[in-house]
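Reviewing the structure listed below.
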Amino acid sequence: MKNRFVSNILLTFVWVVLTGDFHFSNYLFGFVLSYVILMVITKGSRKAKYFTIVPKLIFFVLYFVKELVKANLEVAWEVMTPKLNMTPGIVKVPLTVQSDVGITLLANLITLTPGTLSLDVSNDKKVLYVHAMYIKDKEEFIAGIKNGFEKRILEILK
Amino acid sequence: MFFWNKINAQKVISIAGSIIAVILSSYVFYYVWENGTQKVNAGNWDAPFGIVFVADTLAVTLVLLTALSGLAVSIFSAGSVIKDRLRFGYFPIFHFLLLGLTGAFLTGDLFNLYVWFEIIIISSFVLITIGGEKAQLEGAVKYFTLNILASTIFLTAIAVLYGLTGSLNMADLAGKVAAVENRGLVEVAAILFLIGFGTKASIFPLYFWLPASYHTPPAAVSAIFGGLLTKVGVYALIRVFTLIFVGDVFLGEILMVLAILTIFSGGVGALVQNNVRKVFSYLIICHIGYMIAGLGMFTEIAITGVIFYLIHDIMVKTNLFMVSGIIFKIKSSNSMRALGGFYANYPKLSLLIFIPLFSLVGIPPLSGFWPKISLIGEGFATENYWTVAAIIFASFITLVIIAKLWAEVFWKDAKEIPEKPKFEYFSDISKARKTQFILPIVFLSLISLYIGFGAEHIQLLSSRIANELMNSQQYIDTVLNNS
Amino acid sequence: MEGNVVKESYNWVPSFGVNLGFTLDGLSLLFCLMITGIGFLVFAYTSVYLHHHKYLDRFYGYLSVFMAAMLGLVLSDNVISLFTFWELTSISSFFLIGFNNTQEASRKSALTALGITGLGGMFLLAGVIVLGNITGTFSIAEMLNMSPELIKGHEYYTVAVILLFGAAFTKSAQFPFHFWLPGAMKAPTPVSTYLHSATMVKAGIYLVMRFTPVLGGEEIWNTTLIVVGAVTMLYSAFHSLFRTDLKGVLAYSTISALGILMFLIGMGTTESFTAAAVFIIVHALYKATLFLTTGIIDHQTGTRDVTVLSGLRKVLMPVGIAAIIAAISSAGIPPTIGFLGKELTYEATMHAPIIATLLVVGIVITKILLLWAGFVAGIKPFQGSLPESLKDTKMPGPFMWVPPILLAVLSLVFGIMPFIIEGSLIKPVVSALGGESGEIHLALWHGFNTVFILSLVTIAVGTTLYFVLKPSAKLETAVGKLEAASPKSLMEKFNVGFTYLSSFWTRVFQNGYLRNYVFIIIFFLIGMVGYTMIGNTKFNIDPSILSNVSFYELVVFIIMCIAILFTVFTSSRLSAVVAMGVVGLTICLVFVFYSAPDLAMTQFSIDTLTVILFVLVLYRLPRYLKIQDHKMRIRDGILSLMFGGLIAVLALEVLSEPVNTEIGDFYAENSYIMAHGKNVVNVILVDFRGADTMIEISVLTIAAIGVFGLLKLRLKRTDRVQ
Amino acid sequence: MKTIILRTASNYLLPVLLLFSIFILLRGHYLPGGGFVGGLIAAIAFVFHSFANGLKNTKSLLRFHPGFLMPAGLALSFFSGLSPIIFAGDPFMTGLWYHGHVPVLGSVGSALFFDMGVYLVVVGVTLTIIFTISEAP
Amino acid sequence: MNIFIGVIITLGTLFVLLAAVGLIRMPDTYLRISVNTKAATLGVGLLLGGVAFYFYDLSTTSRTFVIVLFLFLTAPVGAHLIGRASYFIGNKLWDKSKMDDLQGKYQKNSHVLKSEIDDTPEDNVDHTKM
Amino acid sequence: MEILLAILVGLLYASGIYMILRRSLVKLIIGIILLGNGANLLIFLLGRITKGLPPIIPENSKVFLEAYADPVPQALILTAIVISFGLQSFAIILVKRAHKVVRTDDLDEMNATDEDS
Amino acid sequence: MTLVEYCRIVILPVLAFSVILILIRFFRGPSIADRIVALDLLITTGIGIIGVYTITSGSSTLLDTGMILALIAFLSTVALSYYLERRSKKK
Ligand code: NA
Ligand code: NA
């Protein structure tokens with residue numbers, strides 16, 4: 001996977017130098033172009049990982065942005081309305097992801113989303129303690145995280 | 001710094017470096033003496049745009065004196081400063097301090113002077129705290145705070161001057177400040193400089209850091225502090241008041257009043273001290289007053305006296321703090337009440353110490369005497385009778401104090417001071433190390449004797465410096481390439 | 001010899017006009033003979049007196065230095081070199097008085113003597129410098145050649161006279177500076193003989209004599225000398241009555257003699273000069289003899305208590321002879337030279353320019369008392385019966401007893417044959433003083449006249465007194481009670497007072513409280529700057545410099561103000577640190593708004609690091625003190641606000657001055673073209689003003705080494721004391 | 001602070017910060033930045049790492065004592081200031097320039113090495129101070 | 001174009017404003033930390049997006065991109081740490097909070113965080129007892 | 001804006017001194033830092049302030065095409081800031097050591113070295 | 001109204017107003033953590049202000065400061081949290 005990525009970058013540079021156009025858009029174009037070429041010319045099982053992960057990554061980012069906007073609006077509403085209708089609390093979310101990177105990524109994404117805050121991960125890495133503004137139902141909340149961010153992270157890190 | 005842990009190598013390098021510094025500065029001194037004021041443009045940018053280093057006679061003289069004191073204290077340090085302190089960068093920082101002093105004397109740029117001052121104070125902070133004993137730290141807190149305060153005031157003064165003239169080069173400022181119409185602001189800037197430098201020079205009422213701290217670090221450190229640190233403040237005062245703010249009557253009067261109070265405070269302070277090093281500390285203040293007085297009179301002869309006194313004082317104060325070190329090494333105390341018996345037990349050493357002690361008093365023809373002729377004479381000529389009275393008072397009180405010290409430490413019977421366990425007494429150390437204690441004192445005493453008996457040379461030098469200072473146009477022309 | 005002057009000169013510090021110029025004229029010759037002659041005898045005497053002393057070599061060393069200095073003093077033609085030798089005599093005297101330096105009393109006397117003579121030295125220094133100012137030369141010969149009117153008419157004439165008198169009176173132990181001399185008797189007797197009777201104390205006399213032709217003749221000169229001399233001679237002659245220590249008696253009578261000399265010089269007539277010149281010789285001979293004999297008595301018997309001593313003629317006959325001759329000379333009884341001296345003195349006094357009668361009474365009383373003192377010192381120990389305790393007293397070696405005999409014999413010889421000294425010594429001296437030496441004719445017998453009657457009265461009354469009044473410890477104690485009002489104790493009280501003042505002054509300023517130091521410094525700054533600004537500045541703050549304030553700028557201003565105040569007034573250290581972060585951020589924003597991105601970056605990075613530093617250190621530091629002192633806070637607050645206000649006003653004043661951007665423009669123009677950089681600030685840092693940066697990184701390095709040492713270095717117990 | 005999140009974050013932030021610091025250093029001659037800020041950022045990067053992973057780990061990452069960077073940086077700056085004396089006979093700190101365009105850096109001259117020296121000193125100083133404090137009892 | 005930029009900048013500003021209001025209104029520390037991320041994410045993100053579009057060149061675009069990236073990388077870590085620290089120093093949850101699963105899971109001395117409450121209650125950080 | 005900045009500078013100086021005048025070591029350090037900030041800002045202000053025109057030569061030009069802020073004060077302040085940082089770190093450590101050795105935070109109790117001994 | 005004017009007249013004041021609100025929180029606390037959070041948000045807002053200011057001044061080099069702020073601002077938070085934790089451990 002790493003090799004692919006490096007090749008991709010190198011090809012991008014070759015493209016940029018060849019065309020002599022050093023603008024950002026040309027880099028981007030070169031990257032996409034060499035990505036496609038690499039995808040085409042690579043065979044075998046190793047192919048799968050790098051070339052499936054990039055689209056997943058893109059979708060993941062989009063998903064995150066969606067969540068971000070949604071939560072932002074939610075919190076905005078909360079702040080604007082005169083009465084506080086929150087039901088906050090700290091929820092223990094059991095973790096499926098085991099790698100440090102995965103846990104960190106998950107925790108950070110949760111934090112970045114307004115209204116929720118990853119307080120800490122237990123030392124045995126089994127649970128994540130999340131502070132949230134709206135906990136209508138604990139199980140539902142946990143499921144939301146597990147089926148949302150966590151599932152996608154697991155996919156990417158597979 | 002690459003020899004961090006090799007103490008002996010550090011000692012050798014330090015002393016060798018100091019010798020080289022003496023040789024180089026002697027050469028530069030000779031060159032300037034023969035060929036007049038020189039300058040170097042750092043980065044090849046002409047003044048006032050780049051930083052310029054100017055070697056006029058005053059600067060090279062002080063550089064030479066710094067190198068001489070540096071050499072003496074370097075040798076003294078090799079013998080007296082304990083291993084642990086050496087391991088923690090004593091020598092590199094000591095040489096940084098000397099470098100800072102040299103730079104401060106040579107620079108022709110006001111902000112660059114500030115930066116050199118900072119290198120001086122940070123080195124001195126480190127040297128004053130190195131070892132971290134209780135007294136050292138207590139003293140250091142005061143030393144630190146008041147010096148930082150002084151630096152800030154100095155910086156404030158630079159800001160005002162830059163705001164008024166847009167320049168930092170001292171020669172350039174000379175012309176530009178003269179052209180400023182709002183004289184009140186110029187005067188305020190001058191006062192800010194006076195307070196900033198005055199704190200470093202330890203004049204009244206800005207001297208408090210000095211008696212609070214100078215006796216706390218090892219004697220070698222006190223020696224270099226006592227000899228040079230306050231003098232760089234005096235130098236800076238001389239420089240700005242002869243080059244940038246010239247001939248302001250109001251300032252002259254202020255300087256005179258401050259000088260009198262400085263002399264008085266230092267004198268009475270020294271009178272009531274019991275610790276030998278504190279006595280010397282207060283005497284530093286007292287004698288700074290002479291120089292400020294001369295600066296306040298602002299005649300060529302008075303400035304000659306100031307310069308002569310400066311030369312004498314650097315040598316003798318450095319020496320005296322080393323003397324205090326050797327006294328401590330012998331008896332493990334610096335308290336006059338506790339000390340005694342030196343004359344009986346160390347007659348030769350006592351006679352050696354007699355030289356700096358009575359040079360300080362200015363017993364003619366020892367070195368401290370000559371500049372008083374100029375100062376007292378000009379005091380009368382400029383009708384500053386109170387200043388004359390103060391100078392006479394100071395000479396007298398110095399005599400009384402030193403005589404008392406002599407009687408207590410040298411004449412009085414040796415008291416039984418309980419031996420400190422594990423204290424490494426002078427008598428315990430090797431001959432080579434004893435030499436490292438005594439040699440620098442001999443060296444500086446010889447120089448003091450030369451200043452006294454060869455006063456003609458020093459007087460010629462001083463009057464040439466005074467002449468250059470009073471006729472600063474030549475300095476300005478050299479720096480700004482005016483022809 | 002008369003009028004002949006020998007000159008020798010070596011340029012020493014020509015820039016000051018200081019040379020080692022030596023001139024031997026009549027006045028110098030008189031003193032030179034005393035110095036070398038008595039010096040020679042004292043050297044010989046000492047060889048026995050301090051025979052087994054551990055530090056005899058040192059003693060001879062000091063004595064030689066003194067002798068050289070004294071000779072230099074009287075021979076110098078240059079006032080600066082005269083001063084140099086003057087100070088050297090003080091210093092060598094200090095060492096000689098303190099020769100027995102392990103004794104506290106000895107040290108104390110040495111200090112007192114040095115203190116007084118040192119003070120005089122300062123007067124002399126100032127005096128000769130003033131003289132130099134008046135005359136434009138340091139050469140005495142040149143001063144003598146100047147027209148006296150020029151000097152006496154000068155505005156500094158009085159100052160010069162006062163300063164010189166200050167020097168002379170202290171050195172020559174005139175009232176009220178006399179008290180160091182009795183104290184100096186702690187020195188070994190040869191020292192007392194040599195310095196404190198024959199030579200050093202006469203340096204002041206020499207000085208006055210030397211400058212009589214230059215400065216003398218004016219009323220202030222004469223009157224002061226007469227009054228001070230008269231008071232001194234009477235006061236100390238009277239005081240000698242109450243001493244039981246032989247050396248004490250001698251010391252007071254010496255002071256009295258010195259007073260007489262001042263008194264005589266002050267009259268300023270040829271007669272008085274002659275009298276003075278003769279009396280110098282008289283006194284040198286008899287007083288030296290008496291001191292030497294006293295030394296022998298002390299050395300051989302171990303006591304100088306005159307109430308104990310008697311009958312010593314039986315064991316110390318030759319010494320006794322010398323002493324008795326000296327006593328007779330002292331009493332002014334013929335055929336000693338003392339008689340001659342006294343006659344001349346009376347003669348001169350009778351012709352005194354002012355209140356002659358009163359002065360005659362004074363001088364006669366003095367002489368009577370001195371007669372008593374001389375008898376007590378020279379006759380009393382040898383008279384009467386020898387007490388048991390002194391039976392074993394031995395004669396000392398000849399080196400000890402020959403010198404006093406020689407001196408005593410001289411007293412007789414000069415008395416009988418005064419012409420020996422008349423032409424060789426007296427006349428030259430008088431002419432050096434500006435007197436008419438032609439009028440002088442010395443003879444033992446002056447005829448039966450008023451002076452002779454006065455002499456007879458003196459001798460009669462004095463001798464009677466000697467038999468009536470014996471020295472006694474009781475008297476000494478009784479007079480001791482009066483000591484409280486004596487100059488000595490006044491001086492001591494002044495000393496105590498001054499020391500108290502010194503401690504007080506030192507404690508007030510150097511009181512150990514850092515905040516007081518800061519307070520004084522800032523107070524001083526406000527005072528000075530404020531005074532200057534109120535006096536000089538125009539307060540014309542140009543409104544055009546106050547460009548419009550946007551809302552966001554106002555907000556930044558408000559935030560910073562609040563954050564600063566919060567930093568100052570919060571009671572939690574951590575909150576203060578956080579608030580400083582806010583301050584830092586707002587400063588950073590100011591830098592961004594006003595075109596200084598580099599500064600903004602650096603400021604912010606450094607603020608962050610400072611917070612980190614604080615945090616790493618803070619929990620090892622104590623919480624804020626809970627000290628509430630409202631008065632102090634208000635005082636400090638007012639001071640701080642004044643300081644801040646001053647700086648703000650100063651800033652606005654400067655801003656309304658025209659701006660000069662010459663340097664910045666040069667940098668901007670050349671930044672790319674010559675220094676190949678476009679960020680001018682960076683180019684300044686690494687190129688135009690790279691030297692600053694070089695030093696600055698050195699500062700950082702030193703700070704780091706310092707921190708490292710401060711935290712890592714723990715002195716071992718053994719090193720802690722080094 | 002033993003939190004997984006901080007530790008992991010520090011592992012990816014450290015290279016980012018270091019890279020950024022060098023970026024800031026190199027562009028200083030043309031745009032805001034330079035040796036000071038660059039050095040401060042690099043130092044902050046290591047300090048951050050030490051918060052997350054403990055001082056020991058950070059030190060083992062560095063392999064040498066940060067104090068060594070101080071003389072090294074001083075020497076580099078000093079010699080780049082000295083180079084004009086040696087190579088061109090010009091006064092101390094006169095700029096020496098390689099006349100030609102180098103990608104990313106623009107012109108290369110003694111000033112760049114000078115700034116690098118500054119960078120090293122700042123890193124060395126800051127780390128020495130902070131590490132010493134952290135270790136002190 | 002300018003209108004588009006104006007709109008996203010306005011939106012960004014509003015989010016920042018709301019975060020500020022939230023900071024005032026939110027009743028406990030944890031909630032305040034939570035709303036904090038608003039400004040850091042959408043607010044500043046949109047503002048800088050506007051800047052990028054306004055200048056529309058590589059250097060500005062990359063710089064704004066880097067700023068946002070840095071914020072995304074660092075803000076959550078900071079929030080995590082300060083949230084954790086607030087729990088240690090005993091900041092209580094808003095009294096209308098529904099639950100506190102963290103109750104009793106931290107060890108006072110070691111700061112070890114457990115996934116279950118174990119048998120060392122004396123060492124557990126417990127806000128109800130503080 | 002100059003007047004506001006002047007007031008700020010004054011306030012920084014005032015608060016710096018006020019803090020130095022207190023008895024606590026920590027306040028002393030804070031005071032020194034505030035004072036340093038004040039001095040830097042004063043240089044900045046007296047070097048005359050210019051809005052939005054950093055002294056950086058535009059990309060495709062060799063000289064400035066429009067007005068620019070005076071770069072000199074900025075360079076000076078940069079040097080001053082860094083130097084103060086060095087001094088302040090030393091100060092902080094000094095205070096820490098002093099507190100540890102002297103065992104007090106009260107500056108009033110640190111006066112042994114001024115006493116006659 | 002141009003965009004630049006809009007930014008200057010509307011956007012910057014609104015952001016400045018936000019800053020005042022944040023400052024109120026900073027002032028009120030009550031816990032030190034709240035102050036740290038307020039500082040954090042203040043810096044983030046500061047980045048936004050710098051961004052808008054680059055538009056009004058037309059000088060994009062000022063954005064560089066924003067980069068530094070974004071990257072190292074949280075270090076203060078880290079350090080302060082570190083402190084709070086160690087302090088609570090000590091108790
Ligand atoms: Na969140
Ligand atoms: Na620089």
Side-chain angles (χ1 to χ4, degrees), chain E residues 2-3 5-6 9-10 12-14 16-21 23-24 26 28-29 32-33 35-40 43-44 46-48 50-51 54-55 57 59-60 63-64 66-71 73-75 77-86 88-91 108-111 125, chain G residues 1-4 6-7 10-12 14-15 17-26 28 30-34 36-38 40-41 44-45 47-52 54-55 58 60-61 63-64 66-78 80-85 87-89 91:
Chain E
N2 271 3
I3 293 173
I5 296 172
I9 286 183
T10 311
T13 308
L14 278 181
V16 172
L17 177 64
L18 286 175
V21 174
L23 195 70
I24 298 271
M26 286 299 150
D28 73 17
T29 312
R32 287 175 204 132
I33 301 171
V35 295
N36 211 350
T37 16
K38 293 177 61 56
V44 176
L46 288 173
L47 276 176
L48 291 175
V51 175
Y54 178 79
F55 285 97
D57 58 18
S59 73
T60 317
R63 268 181 276 186
T64 52
V66 165
I67 294 178
V68 175
L69 178 75
F70 285 169
L71 277 179
L73 288 177
T74 59
V77 181
H80 151 65
L81 289 172
I82 192 67
R84 191 176 122 95
S86 330
F88 281 125
I89 61 173
N91 281 352
K108 257 184 222 155
N109 296 321
S110 59
H111 284 192
V125 174
Chain G
M1 187 157 61
T2 65
L3 184 63
V4 172
Y6 175 67
C7 284
V10 180
I11 300 293
L12 277 180
V14 173
L15 287 173
F17 180 70
S18 315
V19 165
I20 291 184
L21 293 182
I22 300 166
L23 198 69
I24 293 174
R25 172 51 69 200
F26 180 87
R28 289 220 314 234
S31 100
I32 183 73
D34 295 302
I36 297 170
V37 173
D40 200 48
L41 187 55
T44 316
T45 315
I47 297 171
I49 291 178
I50 291 173
V52 178
T54 53
I55 294 182
S60 67
T61 35
L63 269 183
D64 294 28
M67 288 201 289
I68 304 272
L69 256 64
L71 193 54
I72 65 172
F74 90 114
L75 258 301
S76 304
T77 313
V78 173
L80 292 164
S81 319
Y82 178 80
Y83 170 77
L84 290 179
E85 246 204 82
R87 201 180 66 178
S88 67
K89 222 178 207 173
K91 271 194 290 194

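For the numbers below, each heavy atom of this structure counts, side chains included, while hydrogens, waters and symmetry mates do not. Residue numbering restarts at 1 for every chain, and letters A, B, ... go by the order of the sequence lines.
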Please determine, among [options], the option with the most heavy-atom pairs under 4.5 Å with chain E.
options                            : value
G/Val10, G/Thr54, G/Ile50, G/Leu75 : G/Thr54
G/Ile49, G/Ile32, G/Asp64, G/Val14 : G/Asp64
G/Ile68, G/Val19, G/Leu15, G/Val78 : G/Leu15
G/Val52, G/Ile55, G/Leu21, G/Ile22 : G/Ile55

**Asked** With E/Tyr54, which residues qualify under ring-ring contact (aromatic ring centres under 6.0 Å, His included), at least two apart?
**Response**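 Partners of E/Tyr54 by the ring-ring contact (aromatic ring centres under 6.0 Å, His included) criterion come out as none, since no residue qualifies.
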
**Asked** With sequence neighbours left out, what residues match G/Tyr82 under ring-ring contact (aromatic ring centres under 6.0 Å, His included)?
**Response**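 With sequence neighbours excluded, G/Tyr82 shows a ring-ring contact (aromatic ring centres under 6.0 Å, His included) to D/Phe51, given in chain and number order.
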
For a quick test of reading the model, state the closest non-hydrogen atom pair linking [X] to [Y] and the distance between them.
X       : Y       : result
G/Pro30 : E/Arg32 : CD-NH1, 4.0 Å
G/Tyr6  : E/Thr10 : OH-OG1, 2.6 Å
G/Arg25 : E/Met26 : NH2-O, 3.8 Å
G/Thr77 : E/Gly78 : CG2-O, 3.8 Å
G/Ala33 : E/Asn91 : CB-ND2, 3.7 Å
G/Met67 : E/Val66 : SD-CG1, 3.9 Å

What part of [X] gets closer than 4.5 Å to chain E, counting heavy atoms only: side chain, backbone, both or neither?
X       : result
G/Ala73 : neither
G/Ile11 : both
G/Ser18 : both

Atom pair [atom1] ([X]) and [atom2] ([Y]), whose distance is rounded to the nearest 0.5 Å:
X       : Y       : atom1 : atom2 : result
G/Leu71 : E/Ile67 : CG    : CD1   : 10.5 Å
G/Ile36 : E/Ser86 : CD1   : OG    : 8.0 Å
E/Asn2  : G/Thr2  : CG    : OG1   : 8.0 Å

**Item:** Non-hydrogen side-chain atoms of E/Phe70 and G/Leu69 separated by less than 4.5 Å
**Value:**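 The answer is no, as the side chains (C-beta and beyond) never meet within the 4.5 Å cut-off.
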
**Message:** Could you check whether any side-chain heavy atom of G/Ser81 comes within less than 4.5 Å of a side-chain heavy atom of E/Arg84, counting everything from C-beta outward?
**Reply:**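 No, side chains not in contact.
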
**Message:** Is E/Leu47 in contact with chain G via its backbone, its side chain, both, or neither, using a 4.5 Å heavy-atom distance?
**Reply:**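 Side chain only.
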
Who wins among [options] for the most heavy-atom pairs under 4.5 Å with chain G?
options                            : answer
E/Ile24, E/Val51, E/Leu14, E/Leu81 : E/Ile24
E/Thr60, E/Asp28, E/Asp57, E/Ile82 : E/Ile82
E/Leu18, E/Thr74, E/Thr13          : E/Thr74

**Message:** If we check side-chain contact (heavy atoms from CB on, under 4.5 Å) with E/Leu23, which of these qualifies: G/Val37, G/Ile24, G/Asp34?
**Reply:**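 So the option named by the test is G/Val37.
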
**Prompt:** Can you list the steps and then say if G/Leu3 with E/Ile3 is a side chain to side chain contact (heavy atoms under 4.5 Å, CB included)?
**Reply:** CA-CA 8 Å; G/Leu3 184 63; E/Ile3 293 173; over 6 Å; no

